[in-house]
Amino acid sequence: MAAKTLIIDGKAVSAEEGATVLQVARDNNVAIPTLCHLEGVYDVGACRLCLVEVAGSTKLQPACTTKISEGMNIQTNSDRLRKYRRLTLELLFAERNHVCAVCVSNGHCELQTLAYSLGLDHVRYDYVFPKWKVDVTHRLFGMDHNRCILCTRCVRVCWHIEGAGTKNVAGRGATARIISDLDQPWGDSESCTECGKCVMACPTGALFHKGATAGEMEHDRDKLEFIVNAREKQQWLP
Amino acid sequence: MKLRVATVWLGGCSGCHMSFLDMDEFLIELAGLIDLVYSPVIDVKEFPEAVDVCLIEGAVCNEDNLEILRKIRERTKVLVSFGDCAVTGNVPAMRNPFGPDNRENVLQRAYVENARNNPGVPKADGIVPRLLEQVVPVHEAVYVEYYLPGCPPPAARIKEVLVQIINGQAPLLTGPQLKFG
Ligand code: SF4
Ligand code: SF4
Ligand code: SF4
Ligand code: FES
């Protein structure tokens with residue numbers, strides 16, 4: 001494949017055609033914050049945390065779904081981007097009920113980590129305080145919709161790594177939600193293989209192992225990486 | 001002139017104030033650096049005038065919280081939201097998603113359904129303040145200058161913010177000091 005040359009944060013880099021801005025940035029040790037991106041499954045551009053500036057375009061582009069092109073000049077960390085990223089995170093906090101103090105993922109949450117990295121010490125928007133349910137009908141796992149950011153990582157691993165197709169998105173806009181099968185209690189799902197990949201993939205405390213209490217839930221991303229490596233590269237590395 | 005500092009306890013569990021007391025020997029040094037003019041740990045009944053800095057623990061949950069908060073804002077130069085309840089609403093705000101009747105429902109649940117003896121919602125005009133329809137973080141009720149998150153914020157974090165303020169800097173939490181929960 002043809003190589004393309006481009007500039008990321010003032011640095012000239014080259015990469016193979018077809019790569020995304022995010023891949024090239026990461027290969028060159030440029031950190032771009034992401035939430036919905038997950039190694040091993042396709043990207044959907046859902047969270048907008050990875051937005052970058054591309055010279056010549058006033059529109060911000062998501063790095064995870066934008067393919068590189070010859071001569072592209074990309075900024076990944078301008079004041080404007082930081083401002084938008086913080087704003088996006090604040091809206092995520094405001095639109096559901098995040099009570100970190102009593103959350104299973106407190107201290108191991110990607111939403112928290114990103115918020116801190118952008119200096120988010122309070123949310124400037126009024127909290128919506130919507131009413132959401134907690135589904136603890138599954139034998140092993142629980143789902144707390146109050147903490148879901150609709151990144152759809154769980155849906156993608158369930159369909160494309162496990163191949164079970166249990167998780168789905170129902171509804172639109174602010175009322176969109178993750179469902180199991182045909183919007184049944186998770187515990188009644190006939191397709192769920194109980195593999196736990198959705199729980200491993202979740203960046204927040206929305207999906208958790210039953211029995212985990214505040215701060216105890218660490219999503220085992222290593223296991224997921226292991227499976228993805230094995231599938232894609234035929235490498236069975238611990 | 002020493003800074004005139006106040007601390008106040010609204011709708012919180014007092015954990016933030018416990019953490020304040022956890023500053024241990026720094027409290028002695030602090031006593032030499034500031035004048036504590038109002039606080040749950042000292043015996044002053046009325047919030048004074050011309051306060052420089054006030055740390056506010058707790059969310060705004062009832063009419064009394066709101067009234068004193070407005071008074072504090074009028075009389076204080078710099079407000080610091082002290083702890084997650086003040087910053088985000090945190091646990092006290094967990095009644096909000098139960099909708100417009102949440103204040104009646106939570107009182108019913110706590111004082112009637114779960115009461116073993118003498119069930120009945122406490123009522124005494126002028127003594128027991130009415131709950132607000134929605135619990136809100138402090139900055140949704142009045143303007144707030146700075147934020148000190150944590151549930152509770154560890155003593156080291158409180159100290160860091162106080163030292164910055166005493167040194168005339170705008171407090172800024174970075175690295176592991178910026179944390180919710
Ligand atoms: S999911 Fe993350 S941000 Fe949300 S309450 Fe849990 S720890 Fe806090
Ligand atoms: S446990 Fe596995 S099969 Fe079940 S919903 Fe999660 S990813 Fe899908
Ligand atoms: S449950 Fe977790 S992984 Fe699934 S969409 Fe919500 S936040 Fe993302
Ligand atoms: S990581 Fe690119 S939009 Fe979410």
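Protein chains get the first letters and strands the later ones, always in sequence-line order, with residue 1 at the start of each.
Among B:Y146, B:F180, B:F98, the residue with the largest count of heavy-atom pairs under 4.5 Å with chain A is B:F180. For the set A:N146, A:T113, A:N97, A:L120, the count of heavy-atom pairs under 4.5 angstrom toward chain B peaks at A:L120.
Within a 6.0 Å sphere centred on CH2 of B:W9, other residues, nucleotides and ligands contribute 12 heavy atoms or fewer. Few gaps surround CZ on A:R82; more than 12 heavy atoms of other groups in view lie less than 6.0 Å from it. Residue A:K133 qualifies as open at atom NZ: its count of foreign heavy atoms under 6.0 Å is 12 or below. Residue A:R80 places its CZ atom among more than 12 non-hydrogen atoms of other residues, nucleotides or ligands, all under 6.0 Å distant. No more than 12 heavy atoms of other residues, nucleotides or ligands lie within 6.0 Å of OH in A:Y84, so this atom counts as exposed by the packing criterion. No more than 12 heavy-atom neighbours from other residues, nucleotides or ligands sit within 6.0 angstrom of OH on B:Y111. In this structure, A:Q184 places its CD atom where more than 12 heavy-atom neighbours from other residues, nucleotides or ligands lie under 6.0 Å away. Within 6.0 Å of CD1 in B:I42 there are more than 12 heavy atoms belonging to other residues, nucleotides or ligands.
Contacts between B:P137 and chain A at a heavy-atom distance below 4.5 Å involve the side chain alone, from C-beta outward. For a residue to count as touching a neighbouring chain, one of its non-hydrogen atoms must lie under 4.5 Å from one of that chain's; by this rule B:V135 touches chain A with the backbone only. Residue B:L173: no heavy atom, backbone or side chain, is found under 4.5 Å from chain A. In this structure, chain B has a heavy atom under 4.5 Å from the backbone of A:V123, while its side chain stays farther away.
Looking at every heavy atom in both residues, B:P97 comes nearest to A:P130 through CB-O, 3.3 Å. Across A:N106 and B:K179, no two heavy atoms sit closer than the pair OD1-NZ, 3.0 Å. The two residues B:P149 and A:D121 have their closest heavy-atom pair at CG-O, 4.3 Å. For the residue pair B:Q134 and A:F129, the shortest heavy atom distance occurs at OE1-CD1, 3.6 Å.
Here the straight-line distance linking atom CZ of A:R124 with atom NE2 of B:H139 works out to 9.5 Å at 0.5 Å rounding. Atom OH in A:Y127 sits 11.5 Å away from atom CG in B:N96 (nearest 0.5 Å). In this structure, CD in A:Q112 is found 10.0 Å from CG in B:L178, a value given to the nearest 0.5 Å.
Contacts between residues 201-219 of chain A and chain B, defined by a heavy-atom separation under 4.5 Å, are made by no residue at all.
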